[in-house]
J.: 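Take a look at this one; I'll ask things after.
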Amino acid sequence: MPWATVLEEAHLTSFFAGVLLLSLGSLVIASRLSSGIRRGLIAATFVAAVADVLLPLAVVATGHGCTLRAASSFLSVGLFAALALVALIRFGKAPR
Amino acid sequence: MIDPAIAALRPYRSVLVGFGFFLLLMGATAAALFVMKLGISAADIEAYYRGSEARFTRPRTLTGLLEVAVPHLAAIPVVAFITLHLVTFARVLDARFSRNLARLSFAVVAGSIAAGFAVRYVAPSLSWMKLLTFVAFEALMAFWLGLVVRLIWRTYFTKATLSIDRSKSTPLAN
């Protein structure tokens with residue numbers, strides 16, 4: 001895959017990761033989940049998203065790490081979905 | 001006394017760090033893509049938009065230009081809006097400077113997006129405008145990042161105690 005294509009992907013992913021982490025992460029922090037779960041969820045999402053952005057570049061540069069790259073992508077999507085789910089469960093209720 | 005805005009942002013500093021890091025990645029990948037695809041001189045940019053016989057490249061089509069412009073028209077204002085709101089809320093900058101920075105940021109973004117169309121359809125000499133607006137936009141992104149870092153710094157290292165003037169407080173009724 002050409003470098004320009006991988007960089008375009010990294011550019012797009014970093015935009016979505018930054019905006020989603022800030023918005024969904026803020027909602028998770030504002031929820032009344034236990035501090036450990038909140039911190040763990042946000043830290044894991046951040047690490048997975050960083051791996052999702054940087055691993056494709058590493059794969060193109062070295063030719064190794066395809067499995068890790070695929071795993072990071074699935075993990076990143078799953079963790080963002082978990083953040084969204086927490087936000088929905090905590091704030092999606094109709095006011096009483 | 002701790003600023004109430006900084007105190008309010010303190011629980012959110014982990015996501016602010018994440019946002020700052022991805023802002024850095026966005027700026028870095030944008031600069032790398034610009035250099036790789038468009039080049040670093042006005043002549044390179046002109047060749048990219050209007051095609052070049054020497055490089056066997058065709059002029060950019062309107063569809064191709066719109067495919068790049070439309071996502072940027074949504075994404076860049078969102079990032080600018082978030083960043084400027086954060087730093088304005090936390091009073092990292094004074095209000096007048098924030099307003100002027102917001103105006104400048106949106107003008108540079110609009111100029112940078114419009115410049116591609118201008119080079120293709122108005123005049124090749126406007127490739128300078130594309131180069132200058134992109135450099136200005138990268139400089140502004142670096143400045144926004146600096147403001148976010150300053151904000152994060154303040155949430156970590158501002159003293160976490162509130163000074164309360166007890167002479168003005170009313171006693172609680174039992």
Side-chain angles (χ1 to χ4, degrees), chain A residues 1-58 60-61 72 76 79-80 82-84 86-87 90, chain B residues 7-39 48 57 64 67-68 70-87 89-90 109 134 137-138 141 144-145 148-149 151-152 155:
Chain A
M1 188 179 273
W3 272 103
T5 311
V6 185
L7 275 171
E8 274 171 13
E9 198 180 289
H11 187 59
L12 194 71
T13 312
S14 52
F15 163 72
F16 281 111
V19 171
L20 285 176
L21 189 70
L22 187 71
S23 51
L24 295 175
S26 300
L27 285 173
V28 168
I29 289 169
S31 73
R32 278 171 291 172
L33 280 176
S34 81
S35 167
I37 294 174
R38 276 185 285 155
R39 283 182 186 178
L41 201 54
I42 288 168
T45 311
F46 175 68
V47 171
V50 170
D52 199 20
V53 173
L54 297 181
L55 278 177
L57 303 173
V60 171
S72 76
S76 169
L79 285 165
F80 274 116
L83 288 183
V86 168
R90 288 286 172 170
Chain B
L9 281 174
R10 185 160 279 172
Y12 300 94
R13 55 194 174 188
S14 58
V15 290
L16 285 175
V17 171
F19 180 72
F21 184 77
F22 285 114
L23 192 62
L24 174 69
L25 283 180
M26 260 183 272
T29 49
L33 276 169
F34 191 90
V35 171
M36 284 176 78
K37 293 181 83 172
L38 278 78
Y48 175 80
T57 56
E67 275 172 358
V68 176
V70 169
H72 283 95
L73 280 170
I76 303 174
V78 166
V79 174
F81 184 80
I82 292 170
T83 312
L84 292 169
H85 268 76
L86 272 174
V87 296
F89 172 73
V109 169
F134 184 77
F137 176 60
E138 283 289 311
M141 267 190 104
W144 295 346
L145 183 62
V148 172
V149 169
L151 174 62
I152 293 165
T155 60

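Each chain gets a letter, A, B and so on, in the order its sequence line appears, and its residues count up from 1. These numbers come from a predicted model, not from an experiment.
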J.: For A:L12, which atoms come within 4.5 Å of any heavy atom of chain B: side chain, backbone, both, or neither?
T.: neither
J.: Looking at A:L7, A:T5, A:V6, which one forms a side-chain contact (heavy atoms from CB on, under 4.5 Å) with A:P56?
T.: A:V6
J.: According to ring-ring contact (aromatic ring centres under 6.0 Å, His included), does anything in residues 18-42 of chain A pair up with another residue at least two apart or in another chain? List the pairs.
T.: none
J.: Tell me, side chain or backbone of A:V50 under 4.5 Å from chain B's heavy atoms, or both, or neither?
T.: both
J.: Where along residues 14-23 of chain A does a heavy atom come under 4.5 Å of chain B, listed by residue number?
T.: A:S14, A:F15, A:A17, A:G18, A:V19, A:L21, A:L22
J.: Who passes salt bridge (charged side-chain N to carboxylate O under 4.0 Å, His left out) against A:E9, sequence neighbours left out?
T.: A:R69
J.: Would the distance check show the side chain of B:R13 and the main-chain N or O of B:I152 forming a donor-acceptor pair, the cut-off being under 3.5 Å?
T.: no
J.: Going through the distances and angles, do B:W144 and B:V79 end up as a side-chain contact (heavy atoms from CB on, under 4.5 Å)?
T.: CA-CA 10 Å; B:W144 295 346; B:V79 174; 4.2 Å; yes
J.: Going from CG on A:L55 to OG1 on A:T13, what distance comes out if it is rounded to the nearest 0.5 angstrom?
T.: 11.5 Å
J.: Supply the atom-to-atom distance A:L83 CG to A:I42 CD1, rounded to the nearest 0.5 angstrom.
T.: 6.5 Å
J.: So which heavy atom on A:A48 is nearest to which on A:L79, and how close?
T.: CB-CD1, 3.9 Å
J.: So for B:L25, is it side chain, backbone, both, or neither that comes closer than 4.5 Å to the heavy atoms of chain A?
T.: both
J.: Does the side-chain contact (heavy atoms from CB on, under 4.5 Å) test come out yes or no for B:Y48 and B:T57, once each step is laid out?
T.: CA-CA 8 Å; B:Y48 175 80; B:T57 56; over 6 Å; no
J.: Sort A:A49 into side chain, backbone, both or neither according to what part of it lies under 4.5 angstrom from a heavy atom of chain B.
T.: both
J.: Examine distances only and state if a side-chain atom of B:H85 and a backbone atom of B:F81 form a donor-acceptor pair shorter than 3.5 Å.
T.: yes
J.: For B:L24, which atoms come within 4.5 Å of any heavy atom of chain A: side chain, backbone, both, or neither?
T.: neither
J.: Can you find a heavy atom in the side chain of B:F89 that is under 4.5 Å from one in the side chain of B:L9?
T.: yes
J.: Name, in order of residue number, those residues of residues 29-36 of chain B that have a heavy atom at a distance of less than 4.5 Å from a heavy atom in chain A; otherwise write 'none'.
T.: B:T29, B:A30, B:A32, B:L33, B:M36
J.: As a quick check of understanding, evaluate side-chain contact (heavy atoms from CB on, under 4.5 Å) for A:V86 and A:L27, giving each step before the final call.
T.: CA-CA 8 Å; A:V86 168; A:L27 285 173; over 6 Å; no
